[in-house]
Amino acid sequence: MRPLKITSALLVLAFASFASHHRSNPHNGQAGVFDYYLFVLSWSPEFCHSKPNAAECNKQTGFVVHGLWPQNTSGSYPSNCATNQPAPSNSASLTGIMPIELIPHEWQQHGTCSGLSGDAYLALIRKLYTSLTIPDRLKGPTSSFTWRPQDLKHAFEGANPQLKDPDIAVQLRGNYLNAVEICVSKGADPQPIACSNIKDAPGGTFVVPPVR
């Protein structure tokens, strides 16, 4: 059991490191008080490239949900909010969508600020994920390829006509695809909206690592 616990800890630390590097203006906000959500899809081959023996990397996986983050148009975001809402009671509801080991961390840091109960927060994550179509070229590529940020955005827009360029942000780790972020409105039926003060990959090219 010890190796699995270590791997799970490394997974949470790796994802948390990405979040802290990507967004640097947290504050102790009030639950439910924010402007919009940032729906974050991590490209798992980039994580698994450096940790190929992680239990989470046994399956052939492309995008996995990293989190659903309350965000403000100023670029700040609430974190670790005080809430009387109950924590998630069934993390298994996101099996195959989000690493189960990550859910307690994401709930504590971000979900508590949503104003929702833990189960409602996870249900919203599932709803957003199932409403999104992953572009064909990003469904389990077996070899690496080079793309531009604009190529990726156009691919997502072609598969999801409701999306527009300003709604999508591309995150890189070095010269490799690390995550795609989609900005959506608050509420029970989130809709894509333009991102505000979110880091986005500039022009040029990047590499999309293949699914093992």
Side-chain angles (χ1 to χ4, degrees), residues 15-16 18-20 22-27 29-44 62-81 83 85 88 91 93-94 96-99 102-103 105-135 138-139 149-150 152-172 177-201:
F15 277 123
F18 163 73
S20 63
H22 171 49
R23 302 194 304 166
S24 56
N25 298 303
H27 64 88
Q30 181 180 347
V33 180
F34 60 97
D35 295 325
Y36 65 94
Y37 283 115
L38 197 62
F39 186 53
V40 185
L41 297 170
S42 287
W43 184 243
S44 64
F63 281 113
V64 296
V65 175
H66 181 163
L68 180 63
W69 301 345
Q71 179 75 24
N72 294 316
T73 56
S74 65
S76 67
Y77 63 96
S79 179
N80 296 293
C81 295
T83 180
Q85 294 283 5
S91 295
S93 65
L94 293 186
I97 292 177
M98 183 177 186
L102 185 62
I103 291 174
H105 167 83
E106 288 296 306
W107 163 252
Q108 180 58 46
Q109 185 166 355
H110 303 291
T112 56
C113 299
S114 68
L116 302 173
S117 69
D119 288 342
Y121 178 68
L122 297 193
L124 188 59
I125 290 175
R126 174 171 281 279
K127 181 176 183 177
L128 282 166
Y129 183 84
T130 56
S131 71
L132 191 68
T133 300
I134 301 300
L138 293 168
K139 292 178 179 177
Q150 202 65 28
L152 187 149
K153 291 185 180 186
H154 286 170
F156 266 88
E157 292 157 16
N160 303 273
Q162 73 275 22
L163 292 176
K164 297 180 176 62
D165 275 19
D167 310 335
I168 306 169
V170 180
Q171 304 303 329
L172 306 180
L177 176 64
N178 192 40
V180 171
E181 300 173 344
I182 298 173
C183 297
V184 298
S185 60
K186 297 169 62 174
D189 187 27
Q191 299 298 315
I193 61 172
C195 300
S196 179
N197 286 305
I198 295 296
K199 179 182 176 183
D200 191 14

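These figures come from a predicted structure and were not determined experimentally.
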Side chain to side chain contact (heavy atoms under 4.5 Å, CB included) between L68 and L38: does it pass, once the steps are laid out? CA-CA 6 Å; L68 180 63; L38 197 62; over 6 Å; no
Can you tell me how far apart [atom1] ([X]) and [atom2] ([Y]) are? Round to the nearest 0.5 Å.
X: K186; Y: L116; atom1: NZ; atom2: CG; answer: 10.0 Å
X: I97; Y: I125; atom1: CD1; atom2: CD1; answer: 9.0 Å
X: Q191; Y: C183; atom1: CD; atom2: SG; answer: 14.0 Å
X: I134; Y: L41; atom1: CD1; atom2: CG; answer: 5.5 Å
X: Q71; Y: N197; atom1: CD; atom2: CG; answer: 8.5 Å

For the NZ atom on K164, are there more than 12 heavy atoms of other groups (residues, nucleotides or ligands in this structure) within a distance under 6.0 Å? no
Tell me whether Q30 at atom CD has more than 12 heavy atoms from other residues, nucleotides or ligands lying less than 6.0 Å away. no
Is any side-chain heavy atom of [X] closer than 4.5 Å to a side-chain heavy atom of [Y]?
X: L124; Y: P190; value: yes
X: L122; Y: W107; value: no
X: V40; Y: E106; value: no
X: D200; Y: V170; value: yes
X: L177; Y: L152; value: yes
X: I103; Y: Y121; value: no
X: P78; Y: N72; value: yes
X: P70; Y: Y37; value: yes

Which heavy-atom pair separates [X] from [Y] by the least distance, and what is that distance?
X: C113; Y: N80; result: SG-N, 3.8 Å
X: Y129; Y: F63; result: OH-O, 4.1 Å
X: N160; Y: S131; result: OD1-O, 4.1 Å
X: H154; Y: D165; result: CD2-OD1, 3.9 Å
X: R126; Y: L94; result: CB-CD2, 3.9 Å
X: A169; Y: K199; result: CB-O, 3.6 Å

If we ignore angles and hydrogens, is there a donor and acceptor under 3.5 Å between the side chains of Q171 and E181? yes
Kindly assign one of parallel, tilted or perpendicular to the pair H110 and Y77, based on the angle between their ring planes and the thresholds 30° and 60°. tilted
Go through the steps for L102 and H66 under the test side chain to side chain contact (heavy atoms under 4.5 Å, CB included), then give the verdict. CA-CA 8 Å; L102 185 62; H66 181 163; 4.0 Å; yes
Starting from the C-alpha separation in whole Å, work towards a yes-or-no answer on side chain to side chain contact (heavy atoms under 4.5 Å, CB included) for K127 and D189. CA-CA 9 Å; K127 181 176 183 177; D189 187 27; 3.8 Å; yes
F156 vs L132, test: side chain to side chain contact (heavy atoms under 4.5 Å, CB included). Steps then yes/no. CA-CA 9 Å; F156 266 88; L132 191 68; 4.2 Å; yes
Tell me whether D35 contacts the main-chain N or O of T73 through its side chain, where contact means a donor paired with an acceptor under 3.5 Å. yes
